[in-house]
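Encoded as structure tokens, the structure appears first; notes follow it.
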Number of protein chains: 2
Amino acid sequence: MKKLEPRDLSRDQCPVMKTISTVGDRWILLILRECFLGFKRFDDFHDNLGVSTSVLSIKLNTMIDRGLLYRKQYRNEGRRSRFEYRLTGMGWDLIKVVIALMEWGNEHLIKKGEPTLDILERGTGQDTKLQLINEEGGRTDWYELKLRVIEK
Amino acid sequence: MKKLEPRDLSRDQCPVMKTISTVGDRWILLILRECFLGFKRFDDFHDNLGVSTSVLSIKLNTMIDRGLLYRKQYRNEGRRSRFEYRLTGMGWDLIKVVIALMEWGNEHLIKKGEPTLDILERGTGQDTKLQLINEEGGRTDWYELKLRVIEK
DNA sequence: TACTTGGGTTCTATTTTAGAACCCAGCCTA
DNA sequence: TAGGCTGGGTTCTAAAATAGAACCCAAGTA
């Protein structure tokens, strides 16, 4: 049994590639950003993203089909019923991706002195940062990584 | 001076949005994956990704223009000169994004028992995982987050 | 019933991609 | 030097996706 190398993984086997084919779409990523900021409604997304209603509708339904979002009907008194789009657990887990995008943007695209978005720890107000952690809880240096094929 | 809320950031000011407009493109994400796996050459990308040469050429040049990659000419003895495409420091920093995509894929898209890709710590062989860390070095719970507008 | 709100759907033009054919350049060898 | 091989595109046509606007259907209320 020949040992599999990372390069040998087919497109079907590579988690990165699989994820990209699920969410690696500009509009889906932007909608995820909206969801993490707390927006929920069709017109919020539409106004914020400047996307056509047809594309927005398709993308929202794609995200529902893929288990990232679910629709919940609600109604305010004296108003017609509406829908909000909420993250599933699976969709919520993409927060790591969104935060990674944010950190990279803050580091490389946002000028010093300009307002920008950041994630703080709720209880303490402390700034946070994504870090790779090993099994003992220690930090792993970004340059000390090894790719491997494993079986979960 | 009215305090800015995260929701008030314009598209130009939001780091997530800015990053998405830089790299939130399926082909660019896939090319990044290739780069992180160590592939460097036009034909590697072409074979692995099943992308047309025209799109690949455009995307590679886009990534060069945006500072994610640079081209380096090289030549093996007895062969014609070729080009390899290497990550810049800026491009390397997107490793957080790629790892986040990988972790999500491993959690939600790869079946148990199937081979998949993982990141280990080089010196110890220990498994690693992305985690949010606060200023004191402690872990921040994924549900204890607060979005804020700051100035870097 | 008419009107307002809300979430699309349809349509046309434009842009991007898919896939194949074609082309140009760098080297080496006969 | 000519021809061949390798390497990285470029061009072209058809298909798919998007942009942007007009249009439409449904849920409520007055």
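Since we're looking at a predicted model, the values are computed, not measured. Letters A, B, ... mirror the listed sequences (proteins, then strands); counts begin at 1.
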* To do: Mind checking Tyr85(B) for me? I need base, sugar-phosphate or nothing, with any heavy atom below 4.0 Å counting as a touch.
  => sugar-phosphate

* Structure fact -> From CD of Glu77(B) across to P of dC28(C) the rounded distance in Å is 8 Å

* Compare the minimum distances between each of dA21(D), dA18(C), dG7(D) and the side chain of Arg26(B), then state the nucleotide with the smallest one. => dA18(C)

* Asked: Is the base of dT10(D) touched by the side chain of Ser57(B) through a donor-acceptor pair closer than 3.5 angstrom?
  -> no

* Structure fact -> Taken to the nearest whole Å, CD1/Ile31(B) to P/dT17(C) is 11 Å

* Which nucleotide in dG7(C), dT18(D), dC28(C) has an atom nearest any side-chain atom of Arg75(B) -> dC28(C)

* Asked: Which whole-number value in Å describes the distance from Gln73(A) CD to dG8(C) P?
  -> 11 Å

* Verify same cluster id: Ile110(B), Leu9(A) (apolar side-chain graph, 4.5 Å) -> no

* To do: Any chance you could lay out the salt bridge (Lys or Arg N to Asp or Glu O under 4.0 Å) test for Arg82(A) and Glu84(A), step after step, and finish with the verdict?
  => CA-CA 7 Å; Arg82(A) 306 195 61 180; Glu84(A) 53 183 29; over 6 Å; no

* To do: Kindly point out which of dA19(D), dA27(D), dT6(D) is positioned nearest to the side chain of Arg80(A)?
  => dA27(D)

* To do: For Arg79(B), report the nucleic acid contact type (base, sugar-phosphate, nothing); a contact means any heavy atom under 4.0 Å.
  => sugar-phosphate

* Asked: Among dT9(C), dG7(D), dG28(D), which nucleotide sits nearest the side chain of Ser54(A)?
  -> dT9(C)

* To do: Examine dC27(C): is either OP1 or OP2 under 4.0 Å from a nitrogen or oxygen in the side chain of Ser81(B)? Give yes or no.
  => yes

* Can you check the Leu49(B) CG to dT17(C) P distance for me, whole Å? -> 13 Å

* Just say parallel, tilted or perpendicular for the rings of Trp92(A) and Phe36(A), cut-offs at 30° and 60°. => tilted

* Looking at Glu114(B) and Lys112(B), does any basic side-chain N land under 4.0 Å from a carboxylate oxygen? -> no

* Check every atom of dG7(C), dG19(C), dA26(D) against the side chain of Arg71(A) and return the nucleotide holding the closest atom. => dG7(C)

* To do: For the pair Glu103(B) and Lys129(B), find out whether any cationic side-chain nitrogen is under 4.0 Å from an anionic carboxylate oxygen.
  => no

* Asked: Of Arg82(A) and Gly50(A), whose nearest nucleotide on DNA chain D comes first from the 5' end?
  -> Gly50(A)

* Asked: Between Lys59(A) and Asp25(A), does at least one N-O distance fall below 4.0 Å, as a salt bridge requires?
  -> yes

* Asked: Would you say a side-chain N or O of Lys59(A) is under 4.0 Å from OP1 or OP2 of dT18(D)?
  -> yes

* To do: In whole angstrom, give the distance that lies between atom CG of Asn76(A) and atom C1' of dT5(C).
  => 12 Å

* **Phe83(A) CZ to dG6(C) P, straight-line distance once rounded to whole Å** => 13 Å

* Length of the line joining Leu30(A):CG and dA19(D):P, which is rounded to integer Å -> 11 Å

* Asked: Nearest to the side chain of Asp43(B), which nucleotide is it out of dT10(D), dG8(D), dA19(D)?
  -> dG8(D)

* For the pair made of OH in Tyr74(B) and C1' in dC27(C), what is the distance, rounded to whole Å? -> 14 Å

* To do: Compare the minimum distances between each of dG19(C), dT18(D), dT9(C) and the side chain of Ser52(B), then state the nucleotide with the smallest one.
  => dG19(C)

